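Just so we're on the same page: letters track the sequence lines, and every chain starts at 1. What you are looking at is a predicted structure, and each value in this text was computed from that prediction instead of being measured.
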Amino acid sequence: MAAEPRPREKSPTPAAPGQMEPRYDIKSVEACIYKKWEDSGFFNPDACVREGVTARDAEPFSMVLPPPNVTGVLHIGHAFEDALQDIAVRFARMQGRRTLWVPGTDHAAIATQSKVEKDLAKTEKKSRHDLGREEFLRHVNKFAKASHDTIVRQIKRMGASLDWSREAYTLDEKRSQGVRTAFQTMYDLGLIYRGNRIVNWDPKGQTVISDDEVQHEERRAKLYTFRYGRLANGELFPIPVATTRLETKFGDTAVAVHPTDERYRKFVGKEYDVPFCGAPLHIKVVADESVDPAFGTGAVGVTPAHSMTDWEIAERHGLPHVQVINEYGKMTVPGPVNGKKTEEAREWVAEELRKQGLIEKEEEVVQNVSVAERTGGIIEPLPKLQWFVAVNKPFKRGFLRRTTLKQLMRDAVASGRVRIGPERFEKIYFHWIDNLRDWCISRQIWFGHRVPVWYKGEQVSVGAPPAGAEGWEQDPDTLDTWFSSALWPFSTLGWPEKNSPDLATYFPNTLMAPGYEILFLWVARMILMSGVLLDSVPFRTVLIHGIVRDAKGQKFSKSLGNGIDPLELADTYGADALRMGLIVGAAPGNDVKFDEQRVKGYRNFSTKIWNIARFIQMNKPAAGGGDTSPRPDFSGRAEVKELAALKKEVSAHLEAFEFHLAAEKLYHYIWHTLADKIVEEQKAALRDGTPAEKSASYALLESLLLDSLKMLHPFMPFVTEEVYGIFRPGKMLMVEAW
RNA sequence: GCGUCCUUAGCUCAGUGGUAGAGCGUCACAUUGACAUUGUGAAGGCCGGAGGUCCGAUCCCUCCAGGACGCACCA
């Protein structure tokens, strides 16, 4: 709009002595305020008790920050998560609860290592093997440290009221001790075992990963229906099978059919020697319930070494497994395919079978390909000797009745001892548990907690090498990063130290607020670990939140380049505004589409609050200004009652974790009731009233303002703290009573 | 295949068993001392479709369509 620009004042009129600045200087105020909070020590509940701000026997409120990965910088999703938690924490603290929120970071083994490896390849054209384990780890640790510092700065910038004196790191000495203790305890219970099983091998990352780190991507593929070849008597192999992975068929040791399938019944139990593209196969026909007679030909070529399900079929029928693909995704079959990549080998086999007239059908299908979430490598199922957590194995421990880890995880939620909200996530949780298999915890990477097991020939020592003994070698592998994260709710509180006061006071945690994408990876495993190690749930309530997406609804990611720096936004609009922009409209568990306009709107709200305060403060009767009437009692006034009603609603919303509703109501009240109605109504009295009327009017406005600030504080801590301090010098809103 | 969620104003989204709300956007008007980072007001929605329960449904149930996601032994 080319509207006539009104001449703006060149510079705002400077504030009169004792008056508020005409403009709210977000950046400098927010910086000062955080320092003021930190200096007060009140982020630490011990200080609150010592200073008499919190009663010693007050009900505790505890939470641990889901530790951000030290893989670089925080994104807008972290800002959202921090805001949610800080609201809960500040509310609890103002309610007088003994409130602890523990900060920390996660070493994020694979994520961090692969980030550093990428950087290393780019800048120095070196691999980790060029550097060697020790030197490489020095690089990673340096990177992790730098990330940590950035992350801490970002978290503070958001206003998070964390007790930094208790800061933890999943790879620091205390947490390492926890990991070793947990491993040993579970090993002794028979819940951690070493086994040769089929695992998800990531050829790109050169490591095993767990089922939950595998993602599925839809790809088009060709489904071939074929016969292995001709038997010695010249007849075709009697059963056609279908597959999308022809190259794995070199490893087939059986054909499985459904037990009731009449077509194939006569073959069950028979064994055949048949050449497949020049390689001899020995195939047994077995009957197995897992086969779907309606799919394909109703017969499955069983490749135990390269398929999770086939491995299980093989176990049920005592079939041998033949590995034909190695860790680099290359064929290990003698002959023309040897050394070929799987895709090439597939083409070659297809061509060969065509030549021999063995292909009966080729059809285009869409199938899910398993991909490693961190590296993008296509998963190759391989049999390997790895460490696992047994989830289905019955066990008994002193304080626990006979159970399994799976049952234990289920019970914690089913019994209501852990409440997951919104409720729909409980269903998802149960569904996951029902499909759960043993958790593979060893990784062939260097960054992380080294598997605390030592070997000497056939001997194994868990926890530590036998004292004074020579020649013991520690397992070269490291543990899944989620193993240490799973201990987080109590490893941050002193466990496994005996008689830790923090553990006694603050465990189980009151609340945990993770995103739904780590419900299984993390939340479930915390429940598992707390259950088996402490016979307790790790937390009472899990508040699941969604993902912050960009304007198009896409996830923020480095590859899309759509990242938004929360620090930049906080500097432009204020952390207060950013928090509100993320919270309002974000129903629990739902994704949030990020909209900078909204943040801008809440920046305006900060200014509005500043101006309401400024107006009220300008009308403060001068001390000794002639009005000697007592402070009027306006507790019966409609305005006061209205505010009390609002307070009730806001409290209820906060208690129900409906932060979005509470925030919206406060916004509405302050702007459209307090400013637009009440302040306007009082203007006449303030201008033309008697000194007593002026004074009464002022007192009413001040009281309404301060109460509003109090309620808004958990949401917009900076501006509320600053303004409150102007009216109540020396007081700190953060620890005022709700 | 199993499961979860979403579909409400132009856009982004809240919400409730009793004929709908916010922010942004749009339009009109106002405004020279708290605030243009403003105020007042307006336009704008058969609350995805079809059934059902109910005195009454956007809200509960069933089915359908479209979309997102999770899980799975889709060979």
Side-chain angles (χ1 to χ4, degrees), chain A residues 3 5-9 13 19-20 22-24 26 211-212 214-216 221 223-225 241-245 248-249 252 255-256 288-292 294-303 307-313 365-368 422-437 516-517 519-520 546-547 549 551 553 573 577 580-581 584-587 589-619 658 660-661 663-665 667-668 671-672 675-676 679-680 683 686-687 701:
Chain A
R6 266 182 92 91
R8 268 197 88 150
E9 275 178 290
T13 37
Q19 301 246 309
M20 288 169 68
R23 292 193 49 152
Y24 174 47
I26 297 169
D211 295 345
D212 296 286
V214 174
Q215 293 180 336
H216 302 283
L223 180 68
Y224 300 92
T225 304
V241 295
T243 185
T244 53
R245 294 204 59 188
T248 65
K249 299 290 106 181
D252 281 16
V255 165
D288 197 276
E289 293 280 347
S290 70
V291 179
D292 175 3
F295 188 91
T297 63
V300 183
V302 181
T303 323
S307 155
M308 208 70 90
T309 46
D310 293 4
W311 178 271
E312 286 171 1
I313 293 176
V365 293
V366 175
Q367 65 164 13
N368 278 329
E423 212 173 318
R424 64 175 183 271
F425 290 106
E426 293 196 352
K427 285 186 203 167
I428 296 173
Y429 175 84
F430 290 134
H431 189 246
W432 173 80
I433 287 182
D434 292 341
N435 290 302
L436 188 61
R437 296 158 186 254
Y516 59 69
E517 73 277 15
L519 179 60
F520 313 138
I547 292 171
R549 296 171 181 276
Y573 303 113
M580 285 292 275
V584 178
N590 285 3
D591 290 351
V592 188
K593 242 179 232 177
F594 181 75
D595 178 6
E596 190 164 334
Q597 279 304 310
R598 270 227 309 277
V599 180
K600 194 173 168 184
Y602 290 108
R603 190 271 319 265
N604 298 353
F605 183 46
S606 305
T607 310
K608 188 73 185 180
I609 292 167
W610 185 261
N611 280 302
I612 295 167
R614 188 162 162 251
F615 175 76
I616 293 173
Q617 198 240 16
M618 281 169 65
N619 286 288
E658 295 162 341
H660 62 305
L661 298 180
E664 197 175 345
K665 282 186 179 166
Y667 171 86
H668 228 253
W671 199 315
H672 300 298
D676 291 348
V679 167
E680 290 302 323
K683 275 184 174 172
L686 289 170
R687 194 173 44 230
L701 290 179

**Report entry** A:R424 and A:E426: CA distance, side-chain angles, deciding distance, side-chain contact (heavy atoms from CB on, under 4.5 Å) verdict
**Finding:** CA-CA 5 Å; A:R424 64 175 183 271; A:E426 293 196 352; over 6 Å; no
What's [X] touching, base or sugar-phosphate or nothing? Going by heavy atoms closer than 4.0 Å.
X: A:K665; value: nothing
X: A:Q367; value: sugar-phosphate
X: A:T244; value: sugar-phosphate
X: A:T243; value: sugar-phosphate
X: A:A299; value: base
X: A:D434; value: nothing
X: A:D310; value: nothing
X: A:G601; value: nothing
X: A:V241; value: nothing
X: A:L661; value: sugar-phosphate

Exercise for review: Take A:S290 and A:S606, find for each the nucleotide of RNA chain B with the closest heavy atom, and name the residue whose nucleotide sits nearer the 5' end.
Suggested key: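 The residue whose closest nucleotide sits nearer the 5' end is A:S606.
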Taking the nucleotide of RNA chain B with the nearest heavy atom to each, does A:V584 or A:A675 sit closer to the 5' end?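 Nearer the 5' end of the strand: A:V584.
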Gap in Å between the two [atom1] atoms, one belonging to [N] and one to [M], rounded:
N: B:U19; M: B:G56; atom1: C1'; value: 10 Å
N: B:U32; M: B:C27; atom1: C1'; value: 25 Å
N: B:A43; M: B:C6; atom1: C1'; value: 29 Å
N: B:G70; M: B:A42; atom1: P; value: 45 Å
N: B:A9; M: B:A50; atom1: C1'; value: 24 Å
N: B:G39; M: B:G23; atom1: P; value: 10 Å
N: B:A14; M: B:G48; atom1: P; value: 14 Å
N: B:U62; M: B:C54; atom1: C1'; value: 16 Å

How close or far is atom [atom2] of [N] from atom [atom1] of [X], stated in whole angstroms?
X: A:I609; N: B:U38; atom1: CD1; atom2: P; result: 13 Å
X: A:I547; N: B:C6; atom1: CD1; atom2: P; result: 16 Å
X: A:R598; N: B:G25; atom1: CZ; atom2: P; result: 13 Å
X: A:W671; N: B:G23; atom1: CH2; atom2: P; result: 9 Å
X: A:M580; N: B:C24; atom1: CE; atom2: P; result: 12 Å
X: A:E517; N: B:U4; atom1: CD; atom2: C1'; result: 16 Å
X: A:K600; N: B:A36; atom1: NZ; atom2: P; result: 14 Å
X: A:I616; N: B:A34; atom1: CD1; atom2: C1'; result: 9 Å

Taking 4.0 Å as the cut-off, does a side-chain nitrogen or oxygen of [X] come that near to OP1 or OP2 on [N]?
X: A:K593; N: B:C13; value: yes
X: A:H672; N: B:G23; value: yes
X: A:N604; N: B:U38; value: yes
X: A:K608; N: B:G39; value: yes

>> Taking NZ in A:K600 as the centre, count heavy atoms belonging to other residues, nucleotides or ligands within less than 6.0 Å. Is the count above 12?
In response: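 For A:K600, atom NZ is not crowded (no more than 12 foreign heavy atoms under 6.0 Å).
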* Could you check whether the rings of A:W671 and A:F605 sit parallel, tilted or perpendicular, using 30° and 60° as the cut-offs? =>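 Ring orientation, 0 to 90° scale: parallel.
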With heavy-atom distances below 4.5 Å as the criterion, would you say the side chains of A:F425 and A:Y516 are in contact?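 Yes, close enough: below the 4.5 Å cut-off.
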Close N or O pairs between protein and nucleotides 68-71 of chain B (under 3.5 Å):
residue: B:C71; atom: O2'; partner: A:N435; partner atom: ND2; Å: 2.9

### A:M20 backbone acceptor or donor facing A:Q617 side chain under 3.5 Å
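A pair under 3.5 Å: yes.
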Tell me, please, which residues at least two apart from [X] pass side chain to side chain contact (heavy atoms under 4.5 Å, CB included).
X: A:L436; result: A:V391, A:K406, A:M409, A:W432
X: A:T297; result: A:T225, A:P240, A:Y264, A:A299
X: A:H668; result: A:H672

Residues that A:D288 engages under salt bridge (charged side-chain N to carboxylate O under 4.0 Å, His left out), provided they are two or more places apart |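 A:D288 satisfies salt bridge (charged side-chain N to carboxylate O under 4.0 Å, His left out) with A:R316 once adjacent residues are dropped.
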Problem set entry | Any residue meeting salt bridge (charged side-chain N to carboxylate O under 4.0 Å, His left out) with A:R549, in chain and number order, not counting sequence neighbours |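 With neighbours one apart ignored, the set is A:D591.
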Check your understanding: Quick one: ring-ring contact (aromatic ring centres under 6.0 Å, His included) partners of A:Y24, sequence neighbours excluded?
Key ->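 Applying ring-ring contact (aromatic ring centres under 6.0 Å, His included) to A:Y24 gives A:W610.
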Which residues share a ring-ring contact (aromatic ring centres under 6.0 Å, His included) with A:Y429, sequence neighbours left out: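 None.
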Nearest of [options] to any side-chain atom of [X]?
X: A:T309; options: B:A14, B:C73, B:G39; answer: B:C73
X: A:H660; options: B:A34, B:A14, B:C73; answer: B:A14
X: A:E664; options: B:A14, B:U4, B:C35; answer: B:A14

Note, RNA chain B 5' to 3' with Watson-Crick or G-U pairs under 3.5 Å encoded as ( ), [ ], | and . gives (((((((..((((.......)))).(((((.......))))).....(((((.......))))))))))))....
Non-hydrogen atoms of A:D310 and A:G301 that approach each other most closely: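 Of all heavy-atom pairs spanning A:D310 and A:G301, the closest is OD2-O, 3.4 Å.
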Quick one: does A:E680 reach the base of B:A34 with a side-chain donor-acceptor pair under 3.5 Å?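 Between B:A34 and A:E680, which were checked side chain against base, a qualifying N/O pair under 3.5 Å is present.
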- request: Please evaluate the base of B:A75 for a donor-acceptor partner in the side chain of A:K249 within a cut-off of under 3.5 Å?
  value: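 It does not, because no donor-acceptor pair links the side chain of A:K249 to the base of B:A75 below 3.5 Å.
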